[in-house]
Amino acid sequence: MSREIVIKTDALTKKFGDFAAVDEISFEVTKGEIFGFLGANGAGKTTAIKMLIGLSRPTSGEATVAGYDLYKETERIKKRIGYMSQKFSLYNDLTPQENIKFFGGIYSLSRKSIKEKTQEILEKLDLVDVANTPVSTIPLGWKQRLAFAVATLHDPEIVFLDEPTGGVDPMVRRQFWETIYEASDNGKTIFVTTHYMDEAEYCHRISIMVAGKIAALDTPDSLKKQFEVESMDEVFVKLVRRNENTTSKISK
Amino acid sequence: MKVFLAFLKKEFYHILRDKRTLLILFIMPVTQVLIFGYAVTNEFKDARIDVLDNSRSPLSREYINHLQSSGHFQLNQSITNYRDIEEGMKAGNSKFALVIPHDFSTDFLAKKQPEVQLLADGSDPNNATTLVQYVNQMSYSFINNKFPNSTQKRSITVSSRMLYNPQLESAYNFIPGVIAMILLIISAMLTSLTIAKEKEQGTMEILLVSPLSPFIIILGKVVPYAILSFINALIILLLGTSIFDVPIRGSIILLLLMCLLYVIVALALGILISTAEDTQQGAMMKSMMGLMLPTMILSGFMFPLSSMPQVLQGLGHIVPATYFIEILKAIMLRGTGLLTIWLSTLVLIGMAIVLLGLAIRNFKIRLQ
């Protein structure tokens, strides 16, 4: 199966002083894939995602996103990606409708298409009743799905999700993953970071980051086979242990 | 352009829905003007005065009684020589001293114009001028009462002298000062707050990931506040001229241009603060301590700069408001033009360039 490659990195590195937050990571993501980025807090997930979406400049290494060079064609990349952060960033003092209009506006969508999309999103997310109340008053689960809808408003090729389910209960989390699957079925590539191991199972492929490096990268099933365990949780624990052993050997 | 308008619209939603911002925007300027205005032009009741009566005649005593009958003054003490005048004022016992000349009575009866002397405490210039006016009025009514049917021109000349602050420099100080304060609060503090809020909410990231350029984002954040600052400057000027008779003797266009220049300096300060602070609280603290206090204390708004220690004077000269207040006073009170304010204007332009440069540079660094 020859799939189109939409994200490709080669030894991408970000250093803060002497500390390498992201240390020479190389991977490829293909179109329509749900690519999970796992790791403990501080493993470098967020730094990696920030480099890919242009919020942080890499120290060294190469990368292309949506076929464009990360250093030289940032503006083109920006139009083709969507981003949702762990804060479900919407404007709390604006209503869902106003949020959609605003983000549609800054992505230069036409007035007509903004109107259509607004209607579509409000109906689909069952937000019609609260369309004119400030976002701050609607429940977190709704807010999260609205944030996702807003992040994909301009029909991006790739959607970057930075811990999109933080602080949300499991029930809502599952609902949210249904939304992600739907987007993937529609041909969107999803790049998602998480530290929930159960969520890892939902991804097509996952890379596990430990101390700035990619320690493992494969489908959830093959990873489990490879480590001879039952769940992703155990994969992760084994990986971290192994890494700790090697680093302690080095320091000795 | 359409994108920019969408951005502006959003900003105005933020402003109109935030009670705190609205309060700062529209209530504060008005209350500040009224508070400062009325605090300095208050009616006086029972201001304590010292009297040095060299005439010691029935007429002079009558005159003194008449002054007291107004209710504005109350005799503190009768003194016998000039040296005691300063004593009473320094101790804060009396607001001014009235000196009645030796030949008060004789001059009066000879239909000459007797001259009384007023020595007022000029360190509180607004009070001093008001008191002098009262004495003038009372002297006039004294003559009218005394000689109701007189066709001849009679009058008592009141020659006043200010001790401690002879030029009465800060008479209309407060309007320029309030404008400087309000513009700073709105332009610098509110902008730094609104940018910090975007960071806190995480929406700044979303904006930066979008095709909007950082320049447009910042411009979109500051333009609404620039507009509102300007409207506020107009409101304050209007209040000042209509309620407190503060004159605008110079060119109003020049005045507004100078307001614009100062707003740019303040906005740059606001952006600079917000590049260094990620939380609204931090931004608030920095603008309070770093901007508001120096502006209140070191700009010559509340206390004359010339009476401060060298170090504070030096600090005062890096506060933008110092120059702005100077410019406003020159245009409004003295009616002068660019010829006299070019130096202060250049300093403000210099500050604007340096601060904007720093703000843009810091904003870029944050994106690395």
Side-chain angles (χ1 to χ4, degrees), chain A residues 14-16 46 49-59 65 74-95 97-111 114 133-136 147 150-151 153-154 156 158-160 162-163 166, chain B residues 1-25 190 193-221 223-225 275 278-280 361-368:
Chain A
K14 177 77 185 185
K15 283 186 176 166
F16 296 105
T46 298
I49 211 172
K50 281 195 171 165
M51 281 193 280
L52 292 176
I53 60 176
L55 281 185
S56 174
R57 191 155 298 155
T59 315
V65 176
T74 331
E75 293 315 307
R76 292 182 178 210
I77 294 176
K78 280 181 169 181
K79 287 190 183 122
R80 286 165 179 81
I81 60 171
Y83 170 60
M84 174 179 158
S85 78
Q86 39 196 318
K87 292 178 179 166
F88 320 144
S89 319
L90 296 166
Y91 291 101
N92 277 323
D93 52 342
L94 303 189
T95 67
Q97 199 166 353
E98 285 160 355
N99 267 293
I100 298 169
K101 273 189 185 157
F102 169 67
F103 285 105
I106 63 172
Y107 279 96
S108 314
L109 301 189
S110 72
R111 195 162 301 186
I114 291 176
T133 55
V135 167
S136 56
V150 164
L153 198 62
H154 55 293
I158 311 166
V159 187
F160 290 88
D162 190 12
E163 301 195 3
Chain B
M1 194 61 204
K2 220 182 89 192
V3 175
F4 190 62
L5 285 180
F7 203 102
L8 285 190
K9 195 171 161 195
K10 179 210 86 162
E11 285 306 315
F12 276 105
Y13 279 141
H14 289 325
I15 292 167
L16 294 175
R17 284 177 194 174
D18 186 22
K19 289 206 182 77
R20 188 182 60 184
T21 308
L22 279 181
L23 208 70
I24 293 178
L25 274 178
L190 290 187
L193 279 181
T194 171
I195 296 176
K197 191 175 177 187
E198 296 259 4
K199 287 189 190 170
E200 234 174 53
Q201 285 183 334
T203 42
M204 186 54 99
E205 278 188 344
I206 308 282
L207 294 179
L208 289 171
V209 171
S210 81
L212 288 179
S213 77
F215 180 72
I216 291 286
I217 297 173
I218 292 301
L219 200 67
K221 295 247 64 142
V223 162
Y225 290 98
T275 55
D278 289 337
T279 62
Q280 292 188 73
R361 201 195 61 159
N362 279 12
F363 195 75
K364 282 199 177 135
I365 286 175
R366 294 219 27 113
L367 298 183
Q368 300 290 303

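Within every chain, numbering begins at 1; the chains are lettered A, B, ... in the order of the sequence lines, protein sequences first and strands thereafter.
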> Just wondering, are more than 12 heavy atoms of other shown residues or ligands nearer than 6.0 Å to NZ in B/Lys197?
Replying inline: yes
> Closest heavy-atom contact between A/Phe102 and B/Phe7?
Replying inline: CE1-CA, 3.8 Å
>> Working to the nearest 0.5 angstrom, can you tell me the gap between B/Ser213 OG and A/Glu75 CD?
In response: 7.5 Å
> Considering all heavy atoms of both residues, which atom of A/Leu109 and which atom of B/Lys2 are nearest to each other, and what is their separation?
Replying inline: O-NZ, 3.5 Å
> If you take all heavy atoms of B/Ala6 and A/Gly105, which pair is closest and at what distance?
Replying inline: CB-CA, 4.1 Å
> How close do A/Tyr107 and B/Pro211 get, heavy atom to heavy atom, and via which atoms?
Replying inline: CE2-CD, 3.1 Å
> Which bit of A/Leu90 is near chain B, if near means a heavy-atom gap under 4.5 Å: side chain, backbone, both or neither?
Replying inline: backbone
> So what's closer than 4.5 Å to chain A heavy atoms on B/Glu11: side chain, backbone, both or neither?
Replying inline: neither
> Looking only at heavy atoms, what is the nearest atom pair of A/Ser89 and B/Gly202, with distance?
Replying inline: OG-O, 3.2 Å
> Can you tell me how far the CG atom of B/Leu208 sits from the CD1 atom of A/Ile53, to the nearest 0.5 Å?
Replying inline: 9.0 Å
>> Please find the pair of heavy atoms, one from B/Arg17 and one from A/Asp93, that lie closest to each other, and give the distance.
In response: NH1-O, 2.8 Å
>> I'd like to check B/Val209 versus A/Phe160 (side-chain heavy atoms, cut-off strictly below 4.5 Å). Are they in contact?
In response: no
> Rounded to the nearest 0.5 Å, what separation is found between the OH atom of A/Tyr83 and the OG atom of B/Ser210?
Replying inline: 12.5 Å
>> So for A/Asn92, is it side chain, backbone, both, or neither that comes closer than 4.5 Å to the heavy atoms of chain B?
In response: both
> Between A/Lys50 and B/Glu205, does at least one N-O distance fall below 4.0 Å, as a salt bridge requires?
Replying inline: yes
> What part of A/Phe88 lies closer than 4.5 angstrom to a heavy atom of chain B: side chain, backbone, both or neither?
Replying inline: neither
> Taking atom CZ of B/Phe12 as the centre, does the number of heavy atoms from other residues, nucleotides or ligands within less than 6.0 Å exceed 12?
Replying inline: yes
> Ignoring hydrogens and geometry, is there a side-chain-to-backbone donor-acceptor pair from A/Lys101 to B/Lys10 under 3.5 Å?
Replying inline: no
>> Are B/Tyr13 and A/Tyr91, when compared by the centres of their aromatic rings, separated by less than 6.0 Å?
In response: no
>> Please identify, among A/Val150, A/Leu94, A/Asn99, the residue contributing the most non-hydrogen atom pairs under 4.5 Å to chain B.
In response: A/Leu94
